[in-house]
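Note that these values count all heavy atoms, side chains included, but never hydrogens, waters or copies made by symmetry.
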Amino acid sequence: MPVDMKEAIAAAARTLVMDKHVKKLTVKDIVEECGITRQAFYYHFADIPELLQWVLERETTQILQRSRQQGGGGEQGLRRFFQLAVQARPYIRRGMQTGYRDELERMITDAIYRCFAEVVEREDLYRGYSRAEVRLILRYHTQAVTGLLESWTDEDSKNLDQIVSLVYRMVQGEVSPRG
């Protein structure tokens, strides 16, 4: 069975960040961990930020596909998103400790925005708003959720259902942030 080289490279980077606790992720370290040449790395990715972008886009696409396949509506999809985001926190925290913090923060914000945008599109929310207003609303919710995930606690995990319900109602415009 042929190995998906992009996935193998991503797995090597994940191992370096999570298991070997590297502070500065380098192409040299990745190719050594993966057992490939630098040329093979550069054939698949222009640089490490492109690798990180690929991983994040792939994960976001999988989350959205699972959400569509499993159904249950936007609130159930949001719940799955939060569950996956909480599970990914150790990886994200480790990634933030590397030299790619700024790129990773931007990519995560873009991925969250993309998830919200798909929900808004799929559920036909904000019909009476202009495109600019919808973009602003999406940015607002993206930043709110990003901040919430950054400061996530064990108590938040216990109250996941209530948090998801409130965030979902806010995204739908049913309640304001003040309730």
Side-chain angles (χ1 to χ4, degrees), residues 1-70 77-122 135-136 138-154 156-157 160 167 171:
M1 178 168 129
V3 174
D4 179 350
M5 188 53 64
K6 283 188 169 189
E7 182 56 44
I9 293 168
R14 193 175 304 114
T15 297
L16 289 166
V17 170
M18 291 306 296
D19 299 337
K20 298 189 177 178
H21 307 289
V22 298
K23 294 286 185 196
K24 179 156 176 52
L25 190 61
T26 66
V27 172
K28 180 180 183 278
D29 293 333
I30 293 171
V31 299
E32 286 175 4
E33 180 69 27
C34 197
I36 62 172
T37 65
R38 290 175 71 84
Q39 292 81 3
F41 176 91
Y42 288 115
Y43 176 79
H44 295 285
F45 301 103
D47 52 22
I48 292 175
E50 186 177 292
L51 164 63
L52 297 173
Q53 181 73 34
W54 180 83
V55 169
L56 201 53
E57 284 178 5
R58 194 177 106 256
E59 294 296 321
T60 302
T61 298
Q62 288 174 356
I63 288 169
L64 292 169
Q65 285 174 345
R66 272 184 250 134
S67 176
R68 284 187 297 268
Q69 290 168 351
Q70 294 173 355
L78 186 60
R79 181 173 286 101
R80 283 190 289 273
F81 167 79
F82 269 100
Q83 290 167 334
L84 290 168
V86 170
Q87 289 171 2
R89 284 185 80 218
Y91 297 100
I92 293 168
R93 281 192 171 149
R94 279 277 178 211
M96 293 296 194
Q97 294 172 357
T98 68
Y100 297 99
R101 180 183 181 93
D102 293 341
E103 290 98 336
L104 195 53
E105 283 179 342
R106 181 188 48 76
M107 289 177 210
I108 290 168
T109 300
D110 290 348
I112 293 171
Y113 182 96
R114 183 174 154 209
C115 287
F116 278 130
E118 178 161 316
V119 169
V120 166
E121 177 75 23
R122 185 174 48 196
R135 283 193 305 269
L136 181 60
L138 288 171
R139 282 181 43 217
Y140 172 82
H141 291 302
T142 298
Q143 291 302 314
V145 168
T146 301
L148 182 60
L149 289 171
E150 285 176 7
S151 62
W152 196 262
T153 65
D154 290 338
D156 292 331
S157 292
L160 179 64
V167 169
V171 168

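The nearest pair of heavy atoms linking F82 to L160 is CB-CD1, 3.6 Å. Closest non-hydrogen pair, R135 versus Y113, comes out as CG-OH, 3.4 Å. Shown here for A13 and L51, the closest heavy-atom pair between the two residues is CB-CD2, 3.8 Å. Contact detail for A12 and I30: the closest heavy-atom pair is CB-O, 4.0 Å. Nearest approach of L149 to I112, heavy atoms of both residues: CD1-CD1, 4.3 Å.
Within 6.0 Å of CD on E121 lie no more than 12 heavy atoms contributed by other residues, nucleotides or ligands.
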Checklist entry - Could you walk me through whether F45 and K6 pass the side-chain contact (heavy atoms from CB on, under 4.5 Å) check? => result CA-CA 8 Å; F45 301 103; K6 283 188 169 189; 3.7 Å; yes
Item to check | Working for side-chain contact (heavy atoms from CB on, under 4.5 Å), residues I9 and W54 | outcome: CA-CA 11 Å; I9 293 168; W54 180 83; over 6 Å; no
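Rounding to the nearest 0.5 Å gives a distance of 11.0 Å between CD of E33 and OG1 of T26. For the atom pair CD1 of I36 and OH of Y43, the computed distance is 12.5 Å after rounding to the nearest 0.5 Å. Within the model, atoms OG1 of T15 and CG of D29 stand 12.5 Å from one another, a figure rounded to the nearest 0.5 Å. Taken from CE in M107 to CG in L56, the straight-line distance is 7.5 Å, to the nearest 0.5 Å. Taken to the nearest 0.5 Å, the CD atom of E150 stands 8.5 Å off from the CD atom of Q143. In this structure, H141 NE2 and L148 CG are separated by 13.0 Å, a value rounded to the nearest 0.5 Å.
For the pair E57 and R114, the salt-bridge criterion is not met [side-chain N within less than 4.0 Å of a carboxylate O]. Electrostatic pairing of R106 and D110 counts as a salt bridge here, judged by a charged N lying under 4.0 Å from a carboxylate O. The residues K28 and E32 are annotated as salt-bridged, a charged nitrogen and a carboxylate oxygen being separated by less than 4.0 angstrom.
Using modelled atom types, one finds no donor on one side chain facing an acceptor on the other under 3.5 Å when comparing S157 with D154.
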